[in-house]
Amino acid sequence: RAEVLASAPDGDATLTDGERILVLANIGNPSDAPTAKKKGAEGVGLFRTEFLFLDRQDAPTIDEQTEAYATVLKTFDEGAKVVFRTLDAGADKPLAFANLGAEENPALGRRGLRLSQVRTDLIDAQLEALAKAAEQTGRDPYVMAPMVATKAEAEWFSSRARAAGIKTVGIMVEVPSTALRSSQVLEPVDFASIGTNDLTQYAMAADRLQGELAELLTPWQPAVIQLVKATCDGAGERLIGVCGEAAGDPLLALVLVGVGIRSLSMAAGKITAVKAALSRHNLEQCRRIADAALAACSPEEARTAALKLADPSV
Ligand code: PEP
Ligand code: MG
């Protein structure tokens, strides 16, 4: 049956009306890539490159980085979407070789792209390594920056990445200002990926590391879903993905597709269930499910409303 085929590990994720949704994996190490592929990932929606930088005394060399990036690119088929996120360190993930000092509020401090803007040597070396990996493998990596809050920052990253030879440039949407102003902020880039972990933290003003705040931190918060929709509404033709944990929840994945997301990246273990859920709905159903979640007044209500409209198998 079509549904069974669509949810097979190496199958495409296709809605019942034929709409294609990319289902990708989040990885933190090149050695995760083959496993992700085996579990049905069509590519990588988020390669957290921090593993190369954390817990060491010196920055990784360009050769060392090139090898790691090329390994991931080669794992997937030609034309696959493989997204590299540039260094997302700083603040609570301090680097021995780029310590900007203690901060009162690390999550609101000089992290992500803000660190890259201070240590241009680090970002330039990383972009050079990514361009070299592209040349070596003949593949076209997607390269995005974390924690972009303004159009000026998107422009800064885009021109630097393109100058280094990167062809497909994007940003993460994980700061509410970027979600709300996506038509302006995304203007300098080709694609975007929404990081719902940080987007939820910043929308709800709730520290994502604080377990007691779990109720506030669920991506089922209608405000978070609305920010995802705002991002898609202003994105024009650009491919917008979600790479936060929200994408791995089969029911929430339907909501995300309903507001305009066409690429979902998740922990590899979640892929089969998400593909199965997608393969049982069409776009119109996803839109209705999303509308119901958006009309809700709480995360619980949003989830219950979505569940009522979804196929009973989800
Ligand atoms: C996110 O913020 O949702 C995200 C995917 O990035 P990280 O969890 O690495 O901050
Ligand atoms: Mg993040």
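Worth knowing before you read on, the calculation uses all heavy atoms, side chains too, and leaves out hydrogens, waters and symmetry mates. Only a predicted model underlies this, so the values are computations on that prediction, with no experimental measurement involved. Order of listing sets the numbers, starting from 1, for every ligand and every atom in it.
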request  = Just do the side chain to side chain donor-acceptor pair (under 3.5 Å) check on Asp140 and Thr168 with the steps written out, would you?
outcome  = CA-CA 7 Å; Asp140 177 21; Thr168 308; 2.9 Å; yes
task = Using the test salt bridge (charged side-chain N to carboxylate O under 4.0 Å, His left out), find all partners of Lys229 that sit at least two apart in sequence or belong to another chain.
result = Asp233
Remaining members of hydrophobic cluster (4.5 Å side-chain criterion), Leu239 = Leu22, Leu24
note = Quick note on ligand 1: atoms under 4.0 Å from a heavy atom of Glu174 include exactly 1 (C), 2 (O), 6 (O)
note = Heavy atoms of Tyr69 and Ala133 approach each other most closely as CB-CB, 3.7 Å
query = For ligand 1, which atoms have a heavy atom of Cys243 less than 4.0 angstrom away?
reply = 5 (C)
message = Between Glu50 and Arg85 (salt bridge meaning N to carboxylate O under 4.0 Å), is one present in this structure?
response = yes
request  = Quick one: look up the protein heavy atom nearest atom 3 (O) of ligand 1 and list residue, atom name and how far away it is.
outcome  = Asn197 N, 2.7 Å
query = Which of the numbered atoms in ligand 1 are below 4.0 angstrom from a heavy atom of Gly244?
reply = 3 (O), 5 (C)
Full working for side chain to side chain donor-acceptor pair (under 3.5 Å) between Thr272 and Lys39 = CA-CA 7 Å; Thr272 305; Lys39 292 194 170 171; over 6 Å; no
key: Atom pair CD (Gln210) and CZ (Arg208), whose distance is rounded to the nearest 0.5 Å   = 13.5 Å
message = I'd like to verify the contacts: list protein N, O or S atoms under a distance of 2.8 Å from the Mg ion (ligand 2).
response = Glu174 OE1, Asp198 OD2
query = Hey, which atoms in ligand 1 end up nearer than 4.0 Å to a heavy atom of Leu46?
reply = 5 (C)
Identity and distance of the protein heavy atom lying nearest atom 9 (O) of ligand 1 = Arg48 NE, 2.7 Å
request  = Only pairs at least two apart or in different chains count here, so list each salt bridge (Lys or Arg N to Asp or Glu O under 4.0 Å) that has a residue in residues 261-273.
outcome  = Glu19-Arg262
request  = Using distance alone, with no hydrogens and no angle criterion, decide if Ser313 and Asp311 have a side-chain donor and acceptor under 3.5 Å apart.
outcome  = yes
ask   = Are Arg181 and Glu187 close enough for a salt bridge, meaning some N to O gap below 4.0 Å?
value = no
key: Selected option - heavy-atom contact closest to atom 7 (P) of ligand 1, from Glu50, Arg111, Arg85   = Arg85
key: Sub-4.0 Å heavy-atom contact, Glu245 with ligand 1   = no
inquiry  = Between ligand 1 and Arg208, can you find any atom pair, the residue atom being a heavy atom, that is separated by under 4.0 Å?
reply    = yes
